[in-house]
Amino acid sequence: MTTVIALDVGGTWVKGGAAGPDGRLRAATRRPTGAEHGPEAVLATVLATARELADHYRPVAAGVAIPGIVDEPAGRSVLAANLGWHRLPVRDRLAEELGVPVALAHDVRAGGLAEARLGAGRGSGNFLFVPVGTGVAAALVVDGRPLAGSHAKAGELGHLPVELAAGEPCGCGGRGCLETVASAAAIARRYTRRTGRTGTDAKEVAERARTGDFAAVTVWREAVDALAEGLAAAVTLLDPERIVIGGGLAEAGELHLAPLRTALAARLTFQTVPEIVPAELGPRAGCQGAALLARELAAETGT
């Protein structure tokens, strides 16, 4: 049986897995990224994880999903700030290490591809995949394929300016970006700012919001409203028939999705209101998408 391997490189973990002819992941592993030790340490972790998988599964191809700005045709990480990577030829380094063809993808676009083929995007011609976690991103999937844009920067939903975020500084260098209010990191930070309680994450804020904690309810409502504002702009421009919400906040379920549906619908007039559904593949979406791309590459190259 021909096997491919796949990697998903994040700021904290490098996740890996193997897939058979159907492209579905059937094995998984992970190890700490090691980003605190610098960009070369991250690359060393990626290569070691890939080598470990390759030694065990003898793959015919590999796929890797990475964050940041990704030039997929050139196989290069243009910029991944949380990894310290700048113009790094990731695809070539992996291909040299493994001796097999390698597909490189942006992690969110890979996740969108996986949701289109195997998850909550099935049956939808055009949809937005929106993972909401430490940041906020999006992949526009058209006819089953995610779009990268002319400069490999499509989908930066988290950096749309929204009214609720006015004046908030963002890691991108701007102010007023959506993710400074709507992301999991922002929810935790804004709750701490209101209450003085440190060490609280977005999951805890969600639980406190369920019990009626006023500060938690307020921060949660602001996050939902900010996301709805950003999505209203996206719907007006792109007219998707479905929005698939992923990332850590998707775990909050209807506490997040129900008010988001209401808030988005209230902001739309002539636009068709898309359905909003939770992602199905969870944290394995990026790795699963990389596996599907590896499978395609193996078919194209006849390996």
Side-chain angles (χ1 to χ4, degrees), residues 67-69 106-109 111-112 115 120-121 124 126-142 146-149 151 153-191 202 205-206 209 218-252 254-279 285:
I69 301 171
H106 184 273
D107 56 354
V108 176
R109 291 193 284 272
E115 289 288 348
S124 176
N126 305 292
F127 72 94
L128 275 176
F129 172 56
V130 183
V132 184
T134 303
V136 180
L140 172 62
V141 181
V142 178
L147 298 184
H151 305 95
K153 298 175 184 177
E156 292 295 342
L157 181 68
H159 299 291
L160 284 180
V162 296
E163 186 177 355
L164 273 165
E168 288 274 2
C170 180
C172 74
R175 288 183 177 270
C177 294
L178 167 63
E179 71 175 39
T180 66
V181 177
S183 67
I187 288 171
R189 182 177 63 251
R190 289 164 68 85
Y191 183 78
V205 176
T218 300
V219 169
W220 195 263
R221 184 182 65 248
E222 290 173 347
V224 168
D225 285 346
L227 183 56
E229 186 179 340
L231 289 177
V235 169
T236 302
L237 286 171
L238 305 172
D239 189 30
E241 64 179 337
R242 186 178 302 171
I243 297 174
V244 177
I245 302 293
L249 287 195
E251 297 175 8
E254 289 303 302
L255 180 71
H256 192 236
L257 297 181
L260 181 60
R261 294 185 187 104
T262 300
L264 177 59
R267 286 166 169 77
L268 302 179
T269 53
F270 66 90
Q271 306 92 331
T272 300
V273 181
E275 62 175 335
I276 297 180
V277 299

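Along the sequence shown, residues are numbered consecutively beginning with 1. Only this structure's heavy atoms are used, side chains among them; waters, hydrogens and symmetry mates stay out.
- The two residues Ala263 and Asp225 come nearest to each other via the heavy atoms CB-OD1, 3.9 Å.
- Put simply, the side chain of Glu229 gets close to the backbone of Glu163: a donor and an acceptor are under 3.5 Å apart.
- Distance CG/Leu260 to CG/Leu255: 11.5 Å, rounded to 0.5 Å.
- A distance of 10.0 Å separates SG in Cys177 from CD in Glu156, rounded to the nearest 0.5 Å.
- Judged by distance alone, with hydrogens and angles left aside, the side-chain atoms of Thr236 form a donor-acceptor pair with the main-chain N or O of Ala232 at under 3.5 Å.
- Side-chain atoms of His159 do not come within 3.5 Å of backbone N or O of Leu178 as any donor-acceptor pair.
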Report the C-alpha distance between Glu254 and Arg261 in whole Å, list the side-chain angles of each, state the deciding distance to 0.1 Å, and finish with yes or no for side chain to side chain contact (heavy atoms under 4.5 Å, CB included). CA-CA 10 Å; Glu254 289 303 302; Arg261 294 185 187 104; 2.7 Å; yes
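- If you take CD1 on Ile243 and CD1 on Ile276, they are separated by 5.0 Å, rounding to the nearest 0.5 Å.
- Of the possible polar contacts, none joining the Arg242 side chain to the Val277 backbone as a donor-acceptor pair under 3.5 Å is found.
- Atom CZ of Phe129 sits about 13.0 Å away from atom CG of Leu140, to the nearest 0.5 Å.
- Proximity of Leu157 to Leu231: side-chain heavy atoms (C-beta onward) are separated by under 4.5 Å at one or more points.
- From Arg190, atom CZ reaches atom CD of Glu222 across 4.5 Å, with rounding to the nearest 0.5 Å.
- A heavy-atom distance below 4.5 Å is not found between the side chains of Pro259 and Leu227.
- Residues Pro274 and Pro240 approach most closely at CB-O, 3.4 Å, considering heavy atoms.
- The main-chain N or O of Lys153 is never found under 3.5 Å from a side-chain atom of His151 such that the two would form a donor-acceptor pair.
- Annotation: the span from Leu257 atom CG to Glu275 atom CD amounts to 11.5 Å, rounded to 0.5 Å.
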